[in-house]
There are 2 protein chains.
Amino acid sequence: MDDMTEPRSGPRMRDVARAAGVSAMSVSRVLREPALVSPELRARVEAAVREVGYVPNRLAGSLSSRRSEVVGLVVPSLENSLFAATVKGISDVLRRAGFQLMIADSGYGPEAEEAAIRAFLGQRVAGLILHDTLHTEGTVQMIRRAGVPVVENGTLTETPLDMVVSYSNREAARAMTRHLARLGYRRIALVTLPAGVNARSRDRRLGFQEALAELGLPLDPRWMLEMPPGLASGAEAVARLMEGEAPDAIFFAGDVLAAGALLECQRRGWAVPGRVAIAAFDNVDLLAHMNPPVTTLHLPRHEIGTRSAQMLLDRLARRQSGPATVDLRFEIIQRAST
Amino acid sequence: MDDMTEPRSGPRMRDVARAAGVSAMSVSRVLREPALVSPELRARVEAAVREVGYVPNRLAGSLSSRRSEVVGLVVPSLENSLFAATVKGISDVLRRAGFQLMIADSGYGPEAEEAAIRAFLGQRVAGLILHDTLHTEGTVQMIRRAGVPVVENGTLTETPLDMVVSYSNREAARAMTRHLARLGYRRIALVTLPAGVNARSRDRRLGFQEALAELGLPLDPRWMLEMPPGLASGAEAVARLMEGEAPDAIFFAGDVLAAGALLECQRRGWAVPGRVAIAAFDNVDLLAHMNPPVTTLHLPRHEIGTRSAQMLLDRLARRQSGPATVDLRFEIIQRAST
DNA sequence: TTGTACGCGTTATCAT
DNA sequence: ATGATAACGCGTACAA
């Protein structure tokens, strides 16, 4: 039965020092620079640390050293598994370096992002990783004033805050569109997420339009839909596009729209790709296992995370200096749905 | 062109105080207890805050007050979207209370969990939320010594560290098994994730066995499979179970195994539920959109998050005192696959 | 209502 | 190689 007294503060460095019969500074050194310390001292201190169950207070440490081992990450949504791969990459690299990860979502737009970043800066994070590339003025000012390194992830923005690690959404959409044309499709439709505050969707639409123009294919505005995320959206989109003058291929450039569409085709008995071909944007496991398997892009989601974290760490270690843009490659995965 | 000098520390409270012509304490009060301060003082201070772009240092604040507004969360995997709903619930509640979230994954087992918790305690988190319920001795000791409130989420463990918010994996598995029997199925197989270090899988297997015993149905060990997570696993499981003496229903109690199995049945031309019925454990969007839609359980994933965070906040505000177990309800969603 | 003094637990710096 | 001292930036407790 625990007694519910005041939250204990636990043993401090000086308690360890006393137990080991040394000064607090020696304890600090043993913990951070064991090489600079005599083996005997180290042994005594390490024993004392275990004896009293000492867990160093990183708040005090960071306050004093003016450094922190926490990175702040802002993703558009915590529920979207597309970001999960990137988060995993970030987390893996940070953990090995002894860094912690704080996460917030900006689901409600750039203002929510600003609030999250303000909170992170209050915690004096060592760096920031942002998925979105569209920020409020206040956000930009805060970040500049704070002088923390930042990596943006969502798309290869031309106006980066600092560092960017991503792939080109525009080139990826362009490549897939050209791929569909190469396969013989001529009436190609595009479905994206709402492009309003989503730079990624905007870039994908641009790439699609570019490709059609280059190929001399018709660009019918009725064949460019914006739908909210979700399987139901994909189903609705394909149903809507197929009534009237139907496309022969649909490029679903976002979320799980393509999967939803294919499932709807199965229900309606529409042959894929016989009646309409379907292509997706993201190489989620599901698409490979569907019937037919769905043609899609493979994007370096995990690598975006590892590279982002690594660049941040390099900058913090002064191993790298200025802004930088890393353009990671994507790949087309041709499957039976096209 | 930024000059890459030393990381600036930014304006401090005393800088704001000077700019406003008041004492630092007044700045602190304006920020934390605006009600106790005269309107004019507040106005001057708020203007000064904006003028110098002040962002309070929460490291210093927490060090001084011995309180923090950070909660540590450990999930088994950052890539599994099942946890995402819970994380979202946690994040939503914490944000409204001005709390931040630190996240780590324990993908490599209880030792990784211990390391994550040690790091969190070093950051002096106000509380912990753990998905797993199986911990090392070191973990238990550390948490007791630190005296931080803890919520466990994964299953209704009978040996909680402190608070538990979950549903009963055992009852849920039992209920679904009985449901299948009620529908007339008699040769019921079970597929779970490896139950080794996974208390959830263990509880599900127990519930399944209980139900069979109660119903007087045969318990053939060859009909209880353990498979790694993933669609491919589900496909392999159904293929393996259907050779030889085949079950008439398969209960896939984990991950997306059921979806993988159904897709495999489509490929093989096995009618579902004609040839074999399929039930799943988690109400992911996909299952509702498949052909046929898949019978499953609806689990209170999001509510687990909100309730966990709320209980933690309540405890921190001294509004609730002791250990507690919250048993949230689940629900059977009967669909065409059974 | 506002201000002063001190301490939170650690690290940087300098001295021995 | 080890120790003493003074910050780090804020909040608590008390005084005015």
Side-chain angles (χ1 to χ4, degrees), chain A residues 6-46 48-49 52-70 121-126 146, chain B residues 6-46 48-49 52-70 98 119 121-126 146:
Chain A
E6 283 300 299
R8 276 160 297 165
S9 37
R12 297 150 300 175
M13 198 174 259
R14 71 182 56 155
D15 300 320
V16 178
R18 193 177 312 128
V22 300
S23 76
M25 261 324 291
S26 292
V27 176
S28 180
R29 281 205 190 86
V30 168
L31 264 33
R32 295 180 305 116
E33 314 249 31
L36 300 178
V37 132
S38 73
E40 37 185 347
L41 196 164
R42 186 186 333 179
R44 293 216 335 253
V45 168
E46 284 170 348
V49 163
V52 306
Y54 174 60
V55 179
N57 186 331
R58 296 309 309 142
L59 298 180
S62 290
L63 179 61
S64 178
S65 67
R66 297 153 155 278
R67 289 181 285 97
S68 97
E69 302 83 31
V70 179
L121 294 179
Q123 305 285 346
R124 295 301 187 264
V125 295
Chain B
E6 284 299 300
R8 277 161 296 164
S9 38
R12 298 149 301 174
M13 200 173 258
R14 72 181 60 152
D15 300 321
V16 178
R18 192 177 315 126
V22 299
S23 76
M25 255 329 288
S26 292
V27 176
S28 180
R29 282 205 190 87
V30 168
L31 265 34
R32 295 179 306 112
E33 314 249 31
L36 300 177
V37 130
S38 72
E40 38 185 345
L41 196 163
R42 183 185 339 177
R44 288 206 353 241
V45 168
E46 284 171 348
V49 163
V52 306
Y54 175 60
V55 179
N57 185 331
R58 296 308 309 144
L59 299 180
S62 290
L63 180 60
S64 178
S65 67
R66 298 151 153 278
R67 288 181 287 98
S68 96
E69 302 82 32
V70 178
L121 294 179
Q123 305 287 345
R124 295 302 187 266
V125 294

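A, B, ... follow the sequence lines: proteins, then strands. Residue 1 opens every chain. Predicted model, so just to flag it, every value in this text is computed and none were measured. Below, all heavy atoms of this structure are taken into account, side chains as well, without hydrogens, waters or symmetry copies.
- Rounding to the nearest 0.5 angstrom, the gap separating the CG atom in A/Asn57 from the OG atom in A/Ser62 is 9.0 Å.
- Legend: residues meeting side-chain contact (heavy atoms from CB on, under 4.5 Å) with B/Ala48, ordered by chain and number and at least two apart, are B/Val16, B/Ala19, B/Ala20.
- Summarising the geometry, atom CG belonging to B/Leu31 is positioned 8.5 Å from atom CD belonging to B/Glu46; distances are rounded to the nearest 0.5 Å.
- Legend: residues meeting side-chain contact (heavy atoms from CB on, under 4.5 Å) with A/Ser65, ordered by chain and number and at least two apart, are A/Arg67.
- Residues passing the side-chain hydrogen bond (donor to acceptor under 3.5 Å, both in side chains) test with B/Arg12, sequence neighbours excluded: B/Asp15.
- By the side-chain contact (heavy atoms from CB on, under 4.5 Å) test, A/Arg44 pairs with A/Val22, sequence neighbours left out.
- Near DNA chain D, meaning a heavy atom under 4.0 Å from it, residues 34-42 of chain B has no residue at all.
- Looking at residues two or more places apart in sequence or on another chain, you find a side-chain hydrogen bond (donor to acceptor under 3.5 Å, both in side chains) between A/Arg58 and A/Glu69.
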Next item on the list: Mark up nucleotides 9-16 of chain C, 5' to 3', with B wherever a protein heavy atom is under 4.0 angstrom from a base atom, S wherever such an atom reaches only the sugar-phosphate, and - elsewhere.
Entry: BBBBB---
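- Side-chain atoms of A/Val45 and A/Val37, non-hydrogen and from C-beta on, never get closer than 4.5 Å to each other.
- Evaluation of the side-chain contact (heavy atoms from CB on, under 4.5 Å) rule for B/Val55 yields A/Leu121, A/Arg124 as partners, not counting sequence neighbours.
- The CE atom of A/Met13 lies 10.0 Å from the OG atom of A/Ser23; values are rounded to the nearest 0.5 Å.
- Of all nucleotides in DNA chain D having an atom under 4.0 Å from a heavy atom of chain A, the first and last in 5' to 3' order are D/dA1 to D/dG9.
- Each end of the helix from C/dT1-D/dA16 to C/dT16-D/dA1 gets its own rotation axis from five pairs of C1' atoms, and the angle between them is 30° to the nearest 10 degrees.
- Checked against side-chain hydrogen bond (donor to acceptor under 3.5 Å, both in side chains), B/Ser64 has no partners two or more places apart in sequence or in another chain.
- Take A/Ser28 and apply the side-chain hydrogen bond (donor to acceptor under 3.5 Å, both in side chains) test, not counting sequence neighbours, and it matches A/Arg32.
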